[in-house]
Every structure is written in structure tokens, then in C-alpha cells.
Number of protein chains: 2
Amino acid sequence: MGTKQFSDSLDQADVTRADSLAREIFSDIANKWALLIIEALGERTLRFSELRGEVDGISHKMLTQNLRMLERNGLIERTVHATVPPRVEYTLTEPGQALRVTIDGMCDWTHRYLGDIEASRHRFEARKP
Amino acid sequence: MGTKQFSDSLDQADVTRADSLAREIFSDIANKWALLIIEALGERTLRFSELRGEVDGISHKMLTQNLRMLERNGLIERTVHATVPPRVEYTLTEPGQALRVTIDGMCDWTHRYLGDIEASRHRFEARKP
DNA sequence: CGGCATCCCTAGCGATACTG
DNA sequence: CAGTATCGCTAGGGATGCCG
């Protein structure tokens, strides 16, 4: 990760530890499903089954797995209502919201450059058949 | 992808086609290696071997694979110097630069919330041993 | 309904080696 | 030096089934 904003007031060991932690977190978060889940949650509170409907293409397993990971990293909050049948709701925490904003940026980017990308792909295929 | 900014002046078929394309692009881009490569490139022009050094942990194969993908989508430009030994340079295009900005956002986010995340992880582990 | 565990299979990835 | 190809292995991820 390029940004070296730690060098002040931290000794070298802490710097490298922080950086490896940063890489680890980045690897956790920077995957398709995690980002789509965060984006799907947005400002809303959704239950497990609703999320499954929103994300589309995600399997039961991948959803739980990523939800656990996001919860562990404190990006989402998980509240269980002890009713029957059980009702589990997920919502973005403040850190989660903050990240969502940047993901929104990625989505906007995708739509903004959709045409250019499609064109580029055609040029690419046409170049070497 | 939540953003529905297409419904005007496009018929339904085009809308769904655009959306599936958007999802496809998103799935291409939203992976660890691609994002790290873009971030590593930044404003600079780097050659293959330099990139390998910058990204850290990436294998020869993954690097080429992702570079091809990014080139195909028009995020990077690849220029071959016909010297011996060959020299291949990669640089971000304008779309690539635009995406990089949002990725910078993700990196900043990671550093910004590093402490909170670490704390959250400890709480998480402590909760159910 | 939501979560965990199990089985199973594919594709992602690393390692190695060969060409221009 | 950069890229392609081949070979293995492991881990990702789907499907199913059983509990709270």
C-alpha cells in the first residue's frame, strides 16, 4: 500500500506491523462479494434472506462467510431477534458507511466508462484473432 | 449494482444488457490484484519487472493475467519497445486514472480505520471461544 | 429462518520450463 | 526481459442436510 503516513511517532516495527495489517484488511475487503454486499446494504437494514435476494448470484455459503468477515472487521452490525422463526438483521456501521461511499465511487465509475470499456474490449479482440 | 441511471432514453433490453455488462466489469476489477496493480501504477509508468517488485506477493502469472485483463478493459496502456532485451511499459489510461482515485479512497479508508478494525477483531474473537 | 458442517468438484494459483 | 504453456495442488465456492 503506497501511503506512508505512519512513519511519524511510530517505531519501525509498528510501521511494518501496521502495513501488513493494512494489506490483510485490504485483501479481506477487496473482493467482489464483500463489496457487493456493502453496496447492497447501503443505508438500509436488511435480513439475511433479503440480502440474498439483493446481491444476486451469491450463494448461501458465500453470503454467511462474507457477513462473518465483515462483522469481524466491524463493517456491519448483526442483530438477532430471538423470535421464531429467527430474524437476523444486518446494517452498516460507521466505518462500513465510510467504505460504502468509496465503493459508490467504483460503481459510478463503472457506469460512467461502460461505453469506453466495451469499445476497448472490441478493439482488443479485433487486434489478434 | 444499485444505480439505475439508465432507464431514460433506453429500452428495457438495453438496460438489462448494460447492467449485466456493468456487473461483469465490476467482477473483473473488484479483485485484490487488479486494484493493487492500479494503485501501484499511480501516475508512473512502470515496466513488468518493476511492477512485480511493487505489488509484492504477486506471482509472474497473476501479474500478466491481470495486466491483460486491465488492458482489455482499457484501464492501462501497454507499449512495447522493440529493443533487446525487450522493454514493456505499462501506464494508466484516463479511465484507469479515474478509477485509481476511488481506489485511493479505499486505501485511505483502510489506514483511517486500522485501529477500529483491529479492536473490532479482538472483540469478535473474545466473544465466542 | 439463519447458521454450521459436510462433501465434492472446479478453477485459481504457484512453480517450472520454453520461445522471441 | 516479457510472455505463453503445461502441470499439479490447494482452496474457493456450490449443493445438500441437519440443528437452534
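Order of the sequence lines fixes the chain letters, A, B, ..., with proteins taken first and strands second; residue numbering starts at 1 for each chain.
Atom CE of A/Met62 and atom P of D/dA11 are 14 Å apart (whole Å). Across the protein-nucleic acid pair, B/Arg87 atom CZ and D/dA2 atom P stand 8 Å apart, rounded to whole Å. As rounded to whole Å, 17 Å separates atom P of D/dG13 from atom CZ of A/Arg68. A/Asp56 places its CG atom 12 Å from the P atom of D/dG14, with the value rounded to the nearest Å. Counting to the nearest Å, the P atom of D/dG14 and the CG atom of A/Asn66 are 10 Å from each other.
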Classify every nucleotide of nucleotides 15-20 of chain D by which part a protein heavy atom approaches to under 4.0 Å, writing B for the base, S for the sugar-phosphate alone and - for neither, in 5'-to-3' order. B----B
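With sequence neighbours left out, the salt bridge (charged side-chain N to carboxylate O under 4.0 Å, His left out) criterion links B/Glu118 to A/Arg17. The salt bridge (charged side-chain N to carboxylate O under 4.0 Å, His left out) check on A/Arg47 picks up nothing, with sequence neighbours excluded. For B/Gln65, there are no side chain to side chain donor-acceptor pair (under 3.5 Å) partners two or more places apart in sequence or in a different chain. Residues meeting the side chain to side chain donor-acceptor pair (under 3.5 Å) test with A/Arg72, sequence neighbours left out: B/Glu125. Residues passing the side chain to side chain donor-acceptor pair (under 3.5 Å) test with B/Glu24 are A/Arg121, sequence neighbours excluded. Under the rule for a side chain to side chain donor-acceptor pair (under 3.5 Å), B/Glu77 has no partner lying at least two apart in sequence or in another chain. A search for salt bridge (charged side-chain N to carboxylate O under 4.0 Å, His left out) contacts involving A/Arg100 returns A/Glu43, A/Asp104, not counting sequence neighbours.
Sorted by first and then second residue, the pairs that involve residues 39-63 of chain A and meet ring pair (Phe, Tyr, Trp, His ring centres under 6.0 Å), not counting sequence neighbours, are A/Phe48-A/His60. Screening residues 71-110 of chain A for ring pair (Phe, Tyr, Trp, His ring centres under 6.0 Å), with sequence neighbours left out, gives A/Trp109-A/Tyr113.
Taking the screw axis at each terminus of the helix from C/dC1-D/dG20 to C/dG20-D/dC1 from five consecutive base pairs, the angle between the two is 40° to within rounding of 10 degrees.
Neither OP1 nor OP2 of C/dC1 sits under 4.0 Å from any side-chain N or O of A/Tyr90. Distances shorter than 4.0 Å separate none of the side-chain N or O atoms of A/Arg78 from OP1 or OP2 on C/dG2.
Within a heavy-atom distance below 4.0 Å of DNA chain C, the residues of residues 41-51 of chain A found are A/Arg47, A/Phe48, A/Ser49.
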